[in-house]
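Read the structure below first, then the notes.
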Amino acid sequence: MSQSIAERVRALREQINYHNYRYYVLDSPEIPDAEYDRLYRELEALEAEHPELVTPDSPTRRVGGKPLEGFAPVAHRVPMLSIRTETDIEATGALNFNARIRRELKLKDDDPPIEYACELKFDGLAINLRYEHGVLVQAATRGDGETGEDVTQNVRTIRCIPLRLNAAKPPAVLEVRGEVFIPRPDFERYNAKQRESGGTPLVNPRNGAAGSIRQLDPAIAAQRPLSFYAYGVGETAGWKLPPTHSRILDALLELGLPVSSERAVVQGPQGLVQFHDDIGRRRDSLPFDIDGVVYKVNSLDLQTRLGFVSREPRWAVAHKFPPEEELTVVQAIEVQVGRTGALTPVARLKPVFVGGVTVSNATLHNQDEIDRLDVREGDSVIVRRAGDVIPEVVAVVKDRRPQPAPVRFEILQRYPACPVCGSHVVRQPGEAAIRCSGGLYCPAQRKQALLHFASRRAMDIEGLGERLVDQLVDLGLVRTPADLYRLGMAKVANLERMAEKSAAKLLAAIEKSKHTTLARFIFALGIRNVGETTAKDLARHFGSLDALLAADEEALMQVPDVGPVVAQSIALFFSEPHNREVVEQLRAAGVKWAEAAPQRRQLGALAGKTFVLTGTLPNMTRDEAKDRIEAAGGKVAGSVSKKTDYVVAGADAGSKLIKAQELGVTILDEDALCRLLEPEAQGRLDF
DNA sequence: TGGCCTCGAGTTCA
DNA sequence: CTCGAGGCCA
């Protein structure tokens with residue numbers, strides 16, 4: 001009887017270990033989570049009833065023991081070496097490594113290429129796992145390479161690390177080396193949960209991993225979403241060492257240890273460069289942070305021949321990418337005044353090299369963001385530039401805050417008046433933004449309004465950029481968009497860096513912009529809450545400017561997607577005599593468009609279909625694709641949802657493509673899009 | 001009323 | 001790209 005319970009317990013452990021392996025190591029679960037939970041609970045129950053059957057390697061025993069007083073030192077039997085870093089950050093750094101190896105091995109130019117194992121350099125914490133007869137007996141940090149700290153209790157809580165190896169006859173001793181880290185998505189999720197519950201979020205995945213492993217209380221470490229990838233071995237006994245590094249990793253994987261699938265065996269230097277570039281391109285979309293890649297001579301024989309230089313193996317090198325996160329100092333917090341008068345705080349940073357560029361500014365968005373980060377002038381901050389291009393302040397390193405601490409930064413206190421025009425500033429109840437009340441009296445807002453008017457999606461006046469607008473406004477040559485059409489050669493030629501030729505070019509661009517569309521014109525006016533899409537809706541609905549001007553709030557609400565707020569913004573804009581005047585002046589200056597009958601319904605083959613564009617198409621710009629889809633009656637949205645009908649994907653498509661695949665949205669390439677568009681061009685002849 | 005789904009607006013650097 | 005917030009539908 002008790003025999004059969006012991007058997008059941010053993011069977012359950014085997015099953016649970018197997019499903020752990022499928023889930024955490026192979027990332028392809030075989031059974032639903034609920035089924036796994038059921039097995040786990042059954043084992044827990046049996047162990048509770050029969051404590052004599054509990055073994056330390058049981059999957060239920062991950063979090064055991066009490067908080068420690070401190071960590072015991074562990075002498076590594078085989079030292080944990082560091083890897084030398086290739087100094088040349090360019091892809092050519094790989095060539096230097098290959099050249100060094102060949103020289104060292106005294107190879108001639110016509111000898112065959114060397115085989116390398118390429119893998120990722122994870123941004124985490126190096127750990128040594130010691131398995132004796134298949135059971136995890138000890139986990140230690142690297143420390144100084146000779147002696148680390150015993151962190152077994154914490155490491156046992158990491159779900160993807162097997163407590164028992166998957167082998168009938170496990171080696172007497174197997175030390176596995178690898179990196180503990182926190183995957184990005186898990187990190188974000190953990191932090192979101194912490195913020196919700198008022199807990200302290202982790203500063204970044206790296207510190208989070210290191211900090212978790214050094215928790216004295218394993219119960220805390222167990223809460224952290226730690227993960228692990230093996231990349232090598234230390235001491236082994238009773239194990240037939242495979243002949244190459246890549247085969248060692250294969251063997252570890254078979255024993256149930258997680259090994260990243262982002263690895264490759266390549267021949268010669270071109271292979272290294274290719275791996276480096278491939279990973280570099282995909283770096284942002286990997287679900288974890290890496291510093292770079294690692295190249296290792298694959299053959300263990302060659303590794304032995306190459307040996308070591310002062311504790312660094314000669315047969316391996318780390319080839320880093322530009323850092324994605326860096327520490328820098330907020331030298332000052334200033335504000336910028338935008339088109340709508342919003343005062344946007346900007347951190348002026350001590351320039352740092354992050355993600356391949358030097359960053360010296362980062363937006364702080366608004367007061368709420370400043371409060372959330374509690375960033376103050378003089379603070380040390382972590383700056384990140386990933387996924388997107390725009391740098392952001394991730395967190396303040398409070399330990400490094402200067403003493404005495406600088407005061408909390410309050411926009412309203414620091415800037416009771418607009419720094420540009422001196423008008424008072426206000427924060428509307430319920431709004432995050434603090435705004436300058438100066439309106440178009442404020443030169444900053446006027447400049448932004450002009451830039452918006454001239455922008456590509458509005459009137460498309462080429463060459464009218466920030467520099468020029470600054471001068472035109474500062475010299476008093478232009479106050480309203482209408483003034484642009486009254487500029488002559490005499491005025492323009494006075495500007496800095498404006499010789500005859502560029503002046504003529506600017507005037508020509510202004511002239512050209514007179515031919516436009518009603519939608520562009522409405523968008524160009526810069527009415528609050530009226531962007532490109534709403535402008536198009538308005539143009540389509542009313543057909544003519546006069547019809548729009550005549551519409552009251554009620555009439556405006558008839559337009560699709562226009563509700564009370566947007567209707568009020570529009571009505572308010574046109575109730576301002578000054579604005580009506582500018583509109584009339586623009587028409588008088590010759591700005592014109594083809595007016596159409598009001599259209600209440602979209603026609604065309606693609607009517608009612610929603611598209612999302614992502615990536616770079618081979619023969620069309622995004623704008624062209626958008627125009628053509630819209631011409632056929634389709635809509636182009638910015639993000640993928642279940643309402644999306646098609647996703648048009650080009651080269652280097654990013655997260656939107658992944659989302660589309662998840663939601664099962666039809667994915668088109670350029671050709672398929674053209675096929676959808678073309679019958680439309682023919683079909684339209686029938687109307 | 002709540003929960004999507006969009007749109008608008010602001011943003012960095014070379 | 002990512003917020004915040006407006007609009008719409010259940």
Side-chain angles (χ1 to χ4, degrees), chain A residues 188 192 284-285 322 328 334-349 351-370 372-373 383-394 427-436 444-445 447-449 451-452 455 457-458 465-466 519 522-538 553 556-570 573 610-615 622 626 635-645 652-656 659 663 665:
Chain A
E188 310 287 357
D284 288 344
S285 50
T328 187
E334 293 174 7
V335 298
Q336 284 174 358
V337 182
R339 174 164 68 92
T340 60
L343 265 58
T344 306
V346 183
R348 302 283 174 216
L349 306 169
V352 268
F353 187 70
V354 181
V357 299
T358 306
V359 169
S360 44
N361 298 306
T363 178
L364 296 171
H365 302 292
N366 51 45
Q367 185 68 53
D368 292 346
E369 175 78 354
I370 292 179
R372 188 178 73 75
L373 292 165
V383 177
R384 178 177 169 82
R385 186 176 179 275
D388 53 359
V389 200
I390 297 172
E392 58 172 347
V393 173
V394 179
R427 186 172 188 174
Q428 300 285 351
E431 250 197 4
I434 292 170
R435 298 197 136 85
C436 159
Q445 291 182 59
K447 287 175 184 173
Q448 292 296 321
L451 277 172
H452 172 77
S455 67
R457 312 190 99 95
E466 200 172 332
I522 295 170
F523 176 52
L525 294 173
I527 303 166
R528 182 86 73 84
N529 295 320
V530 176
E532 208 184 355
T533 310
T534 309
K536 274 178 192 155
D537 288 343
L538 290 168
E553 279 184 47
L556 288 164
M557 302 243 286
Q558 301 307 306
V559 181
D561 295 334
V562 174
V565 176
V566 176
Q568 200 197 4
S569 302
I570 301 168
F573 182 89
T610 304
F611 288 72
V612 172
L613 304 173
T614 179
R622 254 166 129 100
K626 184 174 178 190
K635 263 182 62 170
V636 176
S639 56
V640 181
S641 69
K642 53 188 174 195
K643 291 199 176 170
T644 310
D645 295 293
D652 293 324
S655 57
K656 289 188 227 176
K659 181 105 185 266
L663 293 173
V665 176

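These numbers were taken from a predicted model, which means no experiment stands behind them. Convention: sequence-line order gives letters A, B, ...; per-chain numbering from 1.
For B:dC13, the OP1/OP2 oxygens have no side-chain nitrogen or oxygen of A:Thr358 closer than 4.0 Å. Side-chain N/O atoms of A:Ser360 include one lying less than 4.0 angstrom from OP1 or OP2 on B:dC13. Remark: A:Thr363 is not in phosphate contact with B:dT12, judged by side-chain N or O atoms under 4.0 Å from OP1 or OP2. Taking side-chain N and O atoms only, A:Gln336 has no distance below 4.0 Å to OP1 or OP2 of B:dG10. OP1 and OP2 of B:dG8 both lie 4.0 Å or more from every side-chain N or O belonging to A:Thr340.
Atom CD of A:Gln568 has 12 or fewer neighbouring heavy atoms from other residues, nucleotides or ligands inside a 6.0 Å radius.
Note: CD (A:Gln367) to P (C:dC3) measures 18 Å, nearest angstrom. Here C:dC3 presents its C1' atom at 9 Å from CG of A:Asn366, a figure rounded to the nearest Å. With rounding to whole Å, A:Glu392 atom CD is found 12 Å from B:dT12 atom C1'. The interatomic distance linking A:Arg435 (CZ) with C:dA5 (C1') rounds to 11 Å, in whole Å. Taking atom CD on A:Glu188 and atom C1' on C:dC1, their separation rounds to 14 Å, with Å as the unit. When the P atom of B:dC7 is taken as reference, atom CZ of A:Phe523 falls 13 Å away, rounded to whole Å. If you measure from atom CD of A:Glu532 to atom P of B:dG10, you get 15 Å, rounded to the nearest angstrom. Atom CG of A:Asn529 is separated from atom P of B:dT6 by 19 Å (rounded to the nearest Å).
As judged by a 4.0 angstrom heavy-atom cut-off over every strand, A:Glu369 is placed among residues making no nucleic acid contact.
Rounding to the nearest 0.5 angstrom, the gap separating the OG1 atom in A:Thr340 from the NE2 atom in A:His452 is 11.0 Å. Here A:Ile522 contributes atom CD1 and A:Phe573 contributes atom CZ; the two are 11.0 Å apart, rounded to the nearest 0.5 Å.
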Report all interatomic pairs (protein N or O, nucleotide N or O of nucleotides 1-4 of chain B) with separations under 3.5 Å.
none

Dump the pairs, protein N or O against N or O of nucleotides 8-10 of chain C, anything under 3.5 Å, distances to one decimal.
| unit_1 | atom_1 | unit_2 | atom_2 | d |
| --- | --- | --- | --- | --- |
| C:dC8 | OP1 | A:Asp561 | N | 3.1 |

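Checking B:dC7, B:dT12, C:dG7 against the side-chain heavy atoms of A:Val566 singles out C:dG7 as nearest.
Judged as a side chain to side chain donor-acceptor pair (under 3.5 Å), and not counting sequence neighbours, the contacts of A:Glu188 are A:Arg184. Partners of A:Pro351 by side-chain contact (heavy atoms from CB on, under 4.5 Å), not counting sequence neighbours, listed by chain and number: A:Thr358, A:Ser360. Scanning for side chain to side chain donor-acceptor pair (under 3.5 Å) contacts around A:Arg339 gives an empty result, with sequence neighbours left out. Remark: A:His365 pairs with no residue by the ring pair (Phe, Tyr, Trp, His ring centres under 6.0 Å) rule, at least two apart or across chains.
DNA chain B is contacted by both A:Arg339 and A:Asn361; A:Arg339 maps to the nucleotide lying nearer its 5′ end (nearest heavy atom per residue).
For the residue pair A:Ile527 and A:Ile570, the shortest heavy atom distance occurs at CG2-CA, 3.9 Å. The minimum heavy-atom distance between A:Leu451 and A:Glu466, with the atom names listed, is CD2-N, 3.7 Å. Of all the heavy atoms in A:Thr534 and A:Val562, the pair that sits closest is CG2-CG2, 4.2 Å.
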